[in-house]
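Below, read A as the first sequence line, B as the second, and so on, with proteins coming before strands; counting in each chain starts at 1. The shown structure was predicted, so the numbers you read here are calculated from the model rather than taken from an experiment.
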Amino acid sequence: MKFRILLLSALIFFLGFLGVLTRSGGFFVLAFPLVVYLGVAIYYSPETISLQVTRQVSAEKVTYGKPVSIALLITNQGDRQEELFLEDLITPALPIYEGQARKTLSLDPGERVALSYHVSGERGRYQFKGVRVVARDHSGLFQKQELITAQARLVVYPKMTKIKRVAIQPLQTHGFAGPISARKPGSGTDFYGVREYQLGDSLRKINWRVSARHERSYYTNEFEQEGIADVGLILDARDQSDIRNVRGSLFEYSVEATASLADTFLSDGHRLALLVYGFGLDRVFPGYGRVQRERILNTLARAQTGVNFVLESLERLPTRFFPAKSQLVMVSPLLPNDLQPLIRLRASGYEIMIVSPNPIDFEASGMFADNLIPYAMRLAEIERNLLLRKLNQAGIRVVDWHVDQRLDGVIHASLAHRPVRRML
Amino acid sequence: MTRIEKLSASLLTAAGIILLISFSLEGFWQWALVFFLAGLLWWYAERQRGWHWASSIGLIVFSAAAAAGYWLGMQLSVMLVVVILALSTWDLDAFTERLAQSDPDESTQVLVRGHVQRLIIVDATAIALAVFSLTVELRFNFVIAFLLGLVMALGLNRLLLRLSQNNQ
């Protein structure tokens with residue numbers, strides 16, 4: 001804008017100078033349109049911006065892919081604005097797919113204008129700061145700029161897929177009824193064994209076939225107690241275990257898997273805790289139900305990978321955060337030096353399951369065709385298979401997830417072949 | 001092509017043709033060709049994204065051409081029309097650039113109408129002032145004219161300084 005003012009002034013000076021130099025009024029006459037133009041611009045130059053902005057967001061927390069509508073109502077509480085440019089400052093991670101977040105218009109005193117648009121964004125926590133307002137005179141030579149705050153927050157939860165019940169085998173369960181076989185008699189549905197009849201046993205539970213073989217004694221059927229378990233979800237957010245290519249980030253798949261598993265475990269009634277291990281230790285303490293689901297999804301919404309030299313290895317995994325003998329489910333692409341810490345964790349009394357998004361396939365899919373790539377992939381696959389086999393041998397169940405496949409199918413196919421539990 | 005762009009192109013074409021005819025009739029056909037080519041270049045730049053600087057160069061060239069035309073003895077009223085047309089084209093180019101920042105809707109149409117009306121008023125006022133100044137004749141000696149020019153320059157300079165401070 002300054003350049004345009006300077007240009008106009010320079011032209012006026014130039015023509016005026018020629019007029020003085022040649023003592024000819026014609027040059028002054030030629031400068032008249034420029035002078036009038038500049039004069040009118042000065043007269044109408046914006047003095048103050050007095051706008052009131054109110055923002056309405058259709059939802060503060062949404063699931064992935066769900067659109068959110070944002071409406072802004074702008075009221076002019078001051079003088080007439082000749083030309084106003086309004087722009088709602090939104091992050092590029094929230095692309096607009098309908099409507100517009102910018103508008104150029106003129107506003108009379110007291111006049112209102114609405115700005116509405118729909119966004120649908122990636123997982124994350126977003127903060128709407130305000131509206132950038134640029135007031136100009138009609139020629140655009142003079143302008144005033146202000147940021148009018150109209151704050152709001154939006155949390156987009158990670159993508160989730162429905163997973164059927166995951167067969168976990170924790171070493172210990174809670175007393176409350178749940179889906180896990182507790183390996184002790186109780187009020188379940190699966191047959192556990194028989195014992196001698198005790199006073200108070202229901203007659204319907206008497207095993208007549210066994211009782212018939214004994215004189216003067218009766219035997220009662222026992223059923224296996226089914227309880228809920230303590231489950232600890234660990235999301236690997238270490239920067240070195242993430243892979244980024246044209247398809248995106250492998251970490252996003254890990255987050256998706258973690259959210260899906262969290263939803264399944266909480267639906268089954270388990271007590272669930274979450275630990276995001278990477279840049280820092282972002283955690284959600286153990287809990288049940290919908291509120292816990294909300295807490296976990298909130299944490300996953302803001303989860304980011306990062307470099308922390310202290311947390312480069314899984315050695316620093318805070319095991320005290322998870323109850324002893326509980327089930328740990330780790331979502332990680334796995335690094336070669338993760339083997340020993342995981343074996344030690346298993347030895348300290350945790351039942352461990354790993355859902356591992358396959359980094360080799362993911363990385364190869366984003367590469368250009370090259371003769372050496374198949375060899376490199378083959379070597380990497382051998383190395384990874386060896387790591388997974390060692391983990392299996394240590395009694396850690398591993399789900400090798402090629403991210404193109406459905407997670408539900410992969411988990412159930414992998415867990416159908418349970419490894420022999422090995423005592424450590 | 002929007003209405004504003006069409007209007008801008010028409011004004012530019014008119015200014016270019018006026019310069020071409022005026023300079024050719026006076027026998028300066030080489031300069032006529034140069035100015036016409038400058039007009040064509042300006043017209044081409046209007047259609048290119050990010051070439052908005054060309055519009056300012058166009059205004060300089062056309063204003064200089066008008067001044068040269070007047071100096072070479074061409075009619076002042078015709079040269080005044082050239083300056084007004086070039087100024088209007090320059091203004092509409094900048095306005096188009098500002099409008100491109102947002103998608104057009106109903107409120108944009110109102111804004112466009114208001115802008116064009118304001119521009120017509122400015123142009124009409126300039127013409128009226130010019131006509132008035134041509135009918136009234138005041139004679140100054142060089143010293144007074146020089147002093148008046150100096151006062152004008154200083155006044156304008158102070159005004160611009162204050163405005164730029166306000167803008168900051």
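For the atom pair OG1 of B:Thr108 and NZ of A:Lys103, the computed distance is 7.5 Å after rounding to the nearest 0.5 Å. Rounding to the nearest 0.5 Å gives a distance of 11.5 Å between CZ of B:Arg98 and CZ of A:Phe85. Atoms CZ and CG, from B:Phe146 and A:Leu21 in turn, are 10.0 Å apart once rounded to the nearest 0.5 Å. The distance from atom CH2 of B:Trp71 to atom CG of A:Leu18, rounded to the nearest 0.5 Å, is 8.5 Å. From A:Arg4, atom CZ reaches atom OG of B:Ser55 across 7.5 Å, with rounding to the nearest 0.5 Å.
Atom CD of A:Glu47 sits in a sparse spot, with 12 or fewer heavy atoms from other residues, nucleotides or ligands closer than 6.0 Å. More than 12 heavy atoms of other residues, nucleotides or ligands sit less than 6.0 Å from atom CD of B:Glu26. Heavy atoms from other residues, nucleotides or ligands lying under 6.0 Å from CZ of A:Phe13 number more than 12. By the neighbour-count criterion of 12 heavy atoms within 6.0 Å, atom OH of A:Tyr97 is densely surrounded, having more than that number from other residues, nucleotides or ligands. Sparse packing is recorded around CG of A:Asp79, with 12 or fewer heavy atoms of other residues, nucleotides or ligands lying under 6.0 Å away. Counting heavy atoms of neighbouring residues, nucleotides and ligands inside a 6.0 Å radius, atom CZ of A:Arg125 exceeds 12 of them. Heavy-atom contacts from other residues, nucleotides or ligands closer than 6.0 Å to CZ of A:Arg153 number 12 or fewer. Around the CD atom of B:Glu106, the shell of radius 6.0 Å holds no more than 12 heavy atoms that belong to other residues, nucleotides or ligands.
The candidate from A:Val35, A:Val134, A:Leu38, A:Leu34 with the greatest count of non-hydrogen atom pairs under 4.5 Å with chain B is A:Leu34. In terms of non-hydrogen atom pairs under 4.5 Å with chain A, the most contact-rich of B:Val112, B:Val82, B:Leu87, B:Val83 is B:Leu87. Most heavy-atom pairs under 4.5 Å with chain A, from the set B:Leu111, B:Leu59, B:Leu129: that is B:Leu111. For chain B, the option among A:Leu8, A:Val113, A:Leu15, A:Ile12 with the highest count of heavy-atom pairs below 4.5 Å is A:Leu8. Between chain B and the options A:Glu83, A:Gln145, A:Glu87, heavy-atom pairs under 4.5 Å are most frequent for A:Glu83. Between chain A and the residues B:Ile127, B:Val110, B:Ile84, B:Asp105, the largest count of heavy-atom pairs under 4.5 Å involves B:Asp105.
For chain A, no part of B:Asp123 is nearby; none of its heavy atoms comes within less than 4.5 Å. Both the backbone and the side chain of A:Tyr37 come within less than 4.5 Å of a heavy atom in chain B. Only the side chain of A:Leu11 has a heavy atom closer than 4.5 Å to any heavy atom of chain B. In this structure, chain A has heavy atoms under 4.5 Å from both the backbone and the side chain of B:Ile60. Using a 4.5 Å cut-off between heavy atoms, A:Tyr44 contacts chain B through its side chain alone, with no backbone atom that close. For B:Phe142, the parts lying under 4.5 angstrom from a heavy atom of chain A are both the backbone and the side chain. Both the backbone and the side chain of A:Val20 come within less than 4.5 Å of a heavy atom in chain B. For A:Glu82, the parts sitting under 4.5 Å from any heavy atom of chain B are the backbone and the side chain alike.
Ring planes of B:Tyr70 and A:Phe27: perpendicular class, angle over 60° (limits at 30 and 60°).
Looking only at side-chain heavy atoms (C-beta outward), B:Ser56 and A:Phe3 come within less than 4.5 Å of each other.
A:His138 places no side-chain N or O within 3.5 Å of a backbone atom of B:Arg118 that could act as its donor or acceptor partner.
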| query | What do the steps show when you test A:Arg102 against B:Asp103 for side chain to side chain contact (heavy atoms under 4.5 Å, CB included), and what is the final call? | reply | CA-CA 7 Å; A:Arg102 295 167 175 183; B:Asp103 294 332; over 6 Å; no
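For the pair A:Pro33 and B:Ala126, the tightest heavy-atom approach, listed with the atom from each and the gap, is CA-CB, 3.5 Å. Minimum heavy-atom separation, B:Ala130 to A:Val29: CB-CG1, 3.7 Å.
With respect to B:Ser102, the side chain to side chain contact (heavy atoms under 4.5 Å, CB included) criterion is satisfied by exactly one of A:Thr104, A:Leu86, A:Leu105, A:Leu115: A:Thr104.
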